[in-house]
Amino acid sequence: MDAFLAQLPQQIINGLTLGAVYALIALGYSMVYGVLQMLNFAHGDVYMIGAFIGYGVMVALIPEGAPLITPVFIIILMLLVAMLGCGLLGVAIEQFAYRPLRNSPRLAPLISALGVSFFLQNAVQLTLTAEFRNYQTELLIPPGAGFDFGDTRLPMTRALVIVITIILMIVLQYLVRRTKLGKAMRAVAIDREAAAMMGVDVDRVIIATFFIGSALAGAAGVLTGIVFTRVWHFMGFTAGLKGFTAAVVGGIGNIPGAMLGGFLLGMTESFAVGFISPTYRDVIAFVVLVIVLLVRPRGLLGARIPQKV
Amino acid sequence: MSETPILRLSNINTHYGQIHILQDVSLEVYSGELVCLLGGNASGKSTTLKTILGIVKPTSGTIEFRGEPVQQRPTSYRIERGMAVVPENRRIFGSMTVEENLEMGAYLRNDRDGIKEDFERVLKLFPRLKERLHQLGGTLSGGEQQMLAMGRALISRPHLLLMDEPSMGLAPILVEQNFEIIQQINQQGTTIFMVEQNANMALSIGTRGYVLQTGRVVLTDQAKNLLHDEQLRKAYLGR
């Protein structure tokens, strides 16, 4: 019991870090599902591309082991470029792979999404090889930096991931709740035709949704690189699956649900690693999730208000 | 009447795949009128409305709105030019608040002061909505949702208010109240084009009516004449 208590804060920090990444990926899944009722299985690979874009920016700005500009700005640039690049990639994917199939049976865009996923993985493997690349996080954030709370240590890298994720979530919540675009997104998600009848340009809302969701995945890719350092062409597969699971557990289509689902999944995994066995990390995580879905099939926050007709 | 109509459909034909829905439909709505489009099930009433809005594209024919051909224009353009709709079954955004639903009605407007003024006007017309401003749309009763749908359409101060089956799914007493409000809105100067199955009710407040049967306009007259027309009953009863 003492060992458990001693480890608890550390595992919470690990869980929050992992959960932040899952939550950012889950948001894109959930938002796209919300407006199109479609599962964008290429989303995990957009995250992978984001990790590589961040890597590219980092290599360009740290040419010979010495950063050209202040490391803080390098991190900001990595995030912004990856978010912009992934946002545009998401819009392009929607344009070419999903829009022509918008009125097809629901399986067609799903297959198309799997095709895009394979395409992105293989494109990266072909151009950058299948080798692991390593983020030089130690040149951006001094390895010793961090905060100490008694026996517990919060490394700077993890604090950064958690803080950036929270900032992005606040911005997203503001956007969805308070702005005109956000209201249009919610209206399209509730009833696409009725939204069009109010004068909403549905295509533009869908484009904006893909841009924002993919940009968040791009940020998740860079943050993963910063904390876990290793990136490769196949990293999007597992991460995408986890993000999707988090979205479903939170209640797919529901934005706070995606955040909650992400953190819950991250926490479960980290506790499984810390207290049971690293080998069973995925098994335990998914068992917990199956249990959640048995109790609440629509996900934690997925309850719908009864609609009177 | 020599003035230009607010809305004019000329020889509209619409197809769903192979099926010919609207066949040479022509009709006009003049400023200040309350025009009813009547007909039984599957007569093409809703398709006519969707064609006017641009949700369904006609295969031939022209739609002029305020003197301008709009048949090639997207729905958002037509809304911006001054159409507003109370859709069939109201189509309230259930998980948005009453206030947000009303804001969606003013989606294409950017004049903050004007919107505020119209908010006041609509809330005065439907005081019940004011009490429930922060409640979710989906929690309102059927009658309240009808008010919300009308308020949402009126907030844009439309040149032409389109209404699709306003009596559908409402209790008889609510239908009556609803039609009184529609009449009131019309008398205050809003031009209305209404699609309705309940012919007696619609004609009792309407200016003119068109009767649609299997996609064709079979009859048109002043509302008071149509009320007593033998052919109208035939169109409905199919014999």
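Proteins come first, then strands; the chains are lettered A, B, ... in the order of their sequence lines, and each starts at number 1.
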message: Rounded at 0.5 Å granularity, tell me how far CG in A:D191 sits from CE in B:M96.
response: 11.5 Å
task: Would you name the heavy atoms of B:M104 and A:A187 that are closest together and state the gap between them?
output: CE-CB, 3.5 Å
message: Does A:R106, at its CZ atom, have more than 12 non-hydrogen atoms belonging to other residues, nucleotides or ligands within less than 6.0 Å?
response: no
- line: Closest non-hydrogen atoms of A:G199 and B:S76, given as atom of the first, atom of the second and distance, are O-CB, 3.3 Å
- prompt: Which distance, rounded to the nearest 0.5 Å, do you find between the CE of A:M198 and the OG of B:S156?
  reply: 8.5 Å
message: As a quick check of understanding, evaluate side chain to side chain contact (heavy atoms under 4.5 Å, CB included) for A:M197 and B:I55, giving each step before the final call.
response: CA-CA 8 Å; A:M197 285 175 177; B:I55 292 169; 3.6 Å; yes
query: Taking atom CD1 of A:I190 and atom CZ of B:R91, what is their separation to the nearest 0.5 Å?
result: 12.0 Å
- prompt: So which part of B:R152 gets closer than 4.5 Å to some heavy atom of chain A, the side chain, the backbone, both or neither?
  reply: side chain
- request: Mark yes when over 12 heavy atoms from residues, nucleotides or ligands other than B:I173 sit less than 6.0 Å from its CD1; otherwise mark no.
  value: no
task: Can you establish whether the number of heavy atoms outside B:K130 located under 6.0 Å from its atom NZ is more than 12?
output: no
field: Point-to-point distance, once rounded to the nearest 0.5 Å, from CG of A:D201 to OH of B:Y77
entry: 14.5 Å
- request: Give a yes or no answer on whether the side chain of A:K183 reaches the backbone of B:E103 with a donor-acceptor pair at less than 3.5 Å.
  value: no
- prompt: Going through the distances and angles, do A:R186 and B:F93 end up as a side chain to side chain contact (heavy atoms under 4.5 Å, CB included)?
  reply: CA-CA 9 Å; A:R186 282 154 59 209; B:F93 300 110; over 6 Å; no
query: Do any of residues 108-127 of chain B come closer than 4.5 Å to chain A, heavy atom to heavy atom, and if so which ones, in number order?
result: B:L108, B:R109, B:N110
